[in-house]
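Computed from a predicted structure; not experimentally measured.
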Amino acid sequence: MNSRCSKIITTTRISDVARSCCSSFRGHLYNIRPLDTVHSRTLFHRRLFNPQEKCPSHLEEVSDQILKKCDGLPLAILAISGLLANKLRTKDQWDHVKNSIGCALERNPTVEGMISILSLSYSDLPPHLKTCLLYLSIFPEDYVIRKNDLILRWIAEGFIHKEDSNTLYESGEMCFNELVNRNLLQLEKQNYNGCRVHDTVLDFIISMSKKNNFVTLVTSPCLTIEGQNKIRRLSLQVGSEEGNSIQRTMLSHARSLDVFWLHLQEIPSLVEFRHLRVLSFQGCRWLQSQHLANIGKLFQLRFLNLRKTGLNELQEEIGFLQNLQALNLEGSNMHRLPPHITRLGNLVHLFTDIRIQLPEGIAKMRSLETLKWVDLSNHSSNIVKELGQLKNLRELKLFMPNDDICDEHVKVIASCLVELGRHNLRRLYIVGYTELPNSLLPDPWCPSPLKLEELDISDSPMVQVPSWMRSFVQLKRLGLILKDVSDEDLTTLGRLPSLLHLHLNIPRGEPGYEDRLLISGCQGFSCLRQFYLMGQQPIFTAGSMPRLELLRVEMDESKPEFLTNASLENLPCLTTVKCLLFNFQRGEVAQNGKTAMARAMSSHPNHPSLVYE
């Protein structure tokens with residue numbers, strides 16, 4: 001602690017490191033205690049059973065024995081519960097898992113003792129999931145992995161195979177969810193599309209990857225990899241002025257190259273990587289066009305990630321990459337794509353920036369399933385018409401910066417959306433700064449995009465919920481910003497039969513603004529799991545949102561009654577409440593407010609967790 005009352009907190013699993021941090025000033029060691037029996041059981045049961053479900057009597061004894069072996073270690077409890085979640089609820093199955101753990105944790109409840117549990121979880125994975133898990137070793141420690149990026153990498157490597165009527169991406173998403181359910185991947189709380197690997201889990205994965213020569217990591221400036229087996233996947237996580245020693249003959253078999261260097265370094269020529277399928281320079285701001293010389297010779301390349309690089313143009317030889325499936329240019333310095341990109345007939349996913357202009361001929365890219373972002377005001381009507389011809393497009397993100405687009409162009413945009421809705425459009429996002437023109441989303445929307453699963457217009461205010469939304473029978477996720485919400489609007493939304501996530505924003509200060517939103521059981525919402533409400537106080541009556549698990553609200557910290565008077569007891573499945581606080585208070589006012597909200601959570605039958613954002 002310095003003279004300004006600041007504190008430095010260092011976390012480590014190594015006691016010697018902790019002691020050395022305290023040697024030069026008056027510091028204190030705080031050893032985190034293991035969870036007690038009650039909290040261990042709560043964590044264990046929360047993963048395996050529903051909020052209102054108790055542990056079956058025939059499993060109580062064996063579950064206590066398993067928890068005893070976990071010795072209060074949260075990661076051990078999560079790993080074992082993730083494993084048991086995929087087993088039958090029989091005593092024999094749970095006994096088998098208990099006996100497989102052995103006594104390692106009882107003898108040594110540390111990182112080393114965790115290996116037995118992680119090995120058990122790894123051995124229980126089917127072969128394709130083992131491969132997907134090992135692939136996580138290419139990322140640095142504490143790296144936030146983007147979900148869609150990871151899945152597209154798996155696809156490019158050939159790890160994912162199509163199942164039933166699912167697309168490859170949907171099959172990859174199933175693998176991703178399986179690793180999350182087994183607690184081998186952790187979702188980022190603040191990032192819908194992000195995940196991380198726990199340090200201990202990553203150490204285990206890296207050890208398994210090295211054993212199988214799955215990934216070659218370069219994590220030290222002085223590290224040499226000469227004499228190793230041939231390189232299959234190369235992850236460069238550090239640079240040096242001299243560079244690392246890499247034998248050129250070892251690179252020809254590499255299937256992926258990931259560069260995580262944050263400063264300019266010499267990299268091997270791309271000509272050395274003849275069999276490359278995955279190439280990523282994400283975050284390398286030093287990257288320029290010359291570093292991608294000869295990229296057109298990577299005939300097997302399927303995934304190219306140039307996100308957040310300093311690249312200001314893309315060479316025309318990009319058109320030679322006929323096997324390219326995914327191209328990410330988000331956050332780069334480019335302003336337009338070369339015409340030759342329309343030759344990429346097998347490109348499935350194209351991620352661009354709002355300022356990047358698409359070339360004419362985009363209709364030739366008939367394999368496109370994902371396209372984001374497109375600034376509609378920055379493209380001619382001809383290009384917008386071509387977008388409407390992409391019959392395989394499943395996800396589209398559009399940007400409307402203002403409302404001064406001419407009427408004729410708005411009609412072309414509306415016609416494009418109607419045409420895409422006839423085919424395979426599943427996810428549509430429209431972002432703008434002002435109210436959308438009424439003619440952009442025609443009422444009624446006919447024919448209705450019956451396959452649409454996600455619709456987000458949460459940045460452009462609407463007067464009311466459009467009547468055409470009633471026909472969206474497959475809609476699972478919806479984001480809207482409304483000037484006002486009537487009972488009719490809530491009834492329209494509540495009767496959407498598949499709706500699982502609803503994000504509703506009612507800006508303050510609009511004419512006729514009400515600060516409370518009454519939600520009743522007669523309005524529906526029979527399947528809703530997550531409800532984000534911004535701008536109003538929800539009041540839940542009996543029978544409203546019977547399956548709601550997560551409630552997220554925006555509230556004044558000095559007014560805890562906003563939450564305590566919401567009648568949360570009428571939400572029988574509620575497990576989590578998230579509060580986005582504003583008007584921050586200090587001292588007794590803030591403490592009293594949080595105490596009142598905590599008391600409201602404890603009085604709820606489920607004792608939902610309270611999270612401040």
Side-chain angles (χ1 to χ4, degrees), residues 13 32-134 136-137 174-187 189 195-209 575-576 607 609:
R13 297 192 300 265
I32 298 179
R33 300 187 186 93
L35 297 179
D36 58 28
T37 302
V38 174
H39 288 94
S40 294
R41 189 178 291 116
T42 300
L43 181 62
F44 188 68
H45 289 179
R46 184 181 297 172
R47 175 63 186 85
L48 291 166
F49 308 114
N50 295 325
Q52 296 177 318
E53 185 182 8
K54 293 183 178 181
C55 177
S57 57
H58 68 283
L59 296 177
E60 286 181 355
E61 182 180 357
V62 65
S63 65
D64 286 342
Q65 292 171 345
I66 291 173
L67 287 174
K68 183 179 179 182
K69 288 179 178 288
C70 292
D71 200 34
L73 291 178
L75 181 58
I77 296 171
L78 288 173
I80 288 299
S81 60
L83 176 59
L84 290 172
N86 295 279
K87 303 290 185 183
L88 295 175
R89 292 184 181 180
T90 64
K91 190 174 185 302
D92 288 343
Q93 288 270 8
W94 284 38
D95 272 329
H96 178 71
V97 171
K98 179 199 69 174
N99 295 331
S100 299
I101 298 174
C103 301
L105 280 171
E106 292 177 339
R107 294 193 308 267
N108 187 12
T110 60
V111 175
E112 290 76 14
M114 275 296 305
I115 298 301
S116 62
I117 288 182
L118 293 176
S119 297
L120 180 61
S121 298
Y122 177 77
S123 300
D124 189 63
L125 294 174
H128 70 287
L129 277 183
K130 287 181 180 177
T131 308
C132 291
L133 182 66
L134 291 182
L136 299 174
S137 61
M174 292 169 61
C175 294
F176 179 90
N177 293 335
E178 183 69 17
L179 292 179
V180 171
N181 290 337
R182 291 172 178 263
N183 294 305
L184 296 171
L185 258 180
Q186 298 176 336
L187 294 178
K189 293 181 179 180
C195 61
R196 291 179 189 263
V197 185
H198 190 282
D199 295 351
T200 305
V201 178
L202 182 60
D203 290 343
F204 172 78
I205 295 173
I206 290 175
S207 68
M208 295 300 296
S209 293
T575 59
T576 306
H607 307 298
S609 57

Side chain to side chain contact (heavy atoms under 4.5 Å, CB included) filter on R196, not counting sequence neighbours, yields D142, V144, E188

Quickly, which of N183, L118, L136 forms a side chain to side chain contact (heavy atoms under 4.5 Å, CB included) with V201? Name it, please. L118

Closest approach of S40 and G72, non-hydrogen atoms and distance? OG-CA, 3.7 Å

Non-hydrogen atoms of S137 and I206 that approach each other most closely: CB-CG1, 3.9 Å

Please report the interatomic distance CG(N177) to CG(N181), rounded to the nearest 0.5 Å. 6.5 Å

Examine K54 relative to F49 and say whether NZ or CZ is less than 6.0 Å from the centre of the six-membered ring and inside a 45° cone about the ring axis. no

Nearest heavy-atom contact between R89 and W94 is CA-NE1, 4.0 Å

Does the side chain of L59 reach to within under 4.5 Å of the side chain of P56, using non-hydrogen atoms? yes

What do the steps show when you test C195 against Q186 for side chain to side chain contact (heavy atoms under 4.5 Å, CB included), and what is the final call? CA-CA 5 Å; C195 61; Q186 298 176 336; over 6 Å; no

Between CG on residue L75 and OG1 on residue T200, distance to nearest 0.5 Å: 5.5 Å

For a 4.5 angstrom cut-off between non-hydrogen side-chain atoms, does R182 reach S121? no

Sorted by first residue and then second, give each salt bridge (Lys or Arg N to Asp or Glu O under 4.0 Å) pair with at least one member in residues 73-82; sequence neighbours left out. none

Heavy-atom side-chain proximity of R47 to L43 below 4.5 angstrom: no

Residue pairs involving residues 75-87 (criterion side chain to side chain donor-acceptor pair (under 3.5 Å); sequence neighbours excluded): K87-D124

Can you find a pair of side-chain heavy atoms, one from Y122 and one from L134, that are under 4.5 Å apart? yes

Working to the nearest 0.5 angstrom, can you tell me the gap between L185 CG and L187 CG? 7.5 Å

So which atom in V197 and which in L202 form the shortest heavy-atom distance, rounded to 0.1 Å? CG1-N, 3.7 Å

Heavy-atom distance under 4.5 Å between the side chains of L84 and F44, does that happen here? yes

Can you confirm whether H96 is buried at NE2, in the sense that more than 12 heavy atoms of other residues, nucleotides or ligands lie under 6.0 Å from that atom? no

L184 side, atom CG; H198 side, atom NE2 - distance, nearest 0.5 Å: 12.0 Å

How close do Q93 and T90 get, counting heavy atoms only, and between which atoms? CG-OG1, 3.0 Å

When rounded to the nearest 0.5 angstrom, what distance separates OG in S63 from NZ in K98? 11.0 Å

Work out which heavy atom in E60 is nearest to a heavy atom in C55; give both atom names and the distance. OE2-O, 3.8 Å

Heavy atoms, side chains only, cut-off 4.5 Å: are C70 and I80 in contact? yes

Atom CG of L125 and atom OG1 of T131: how far apart are they, to the nearest 0.5 Å? 10.0 Å

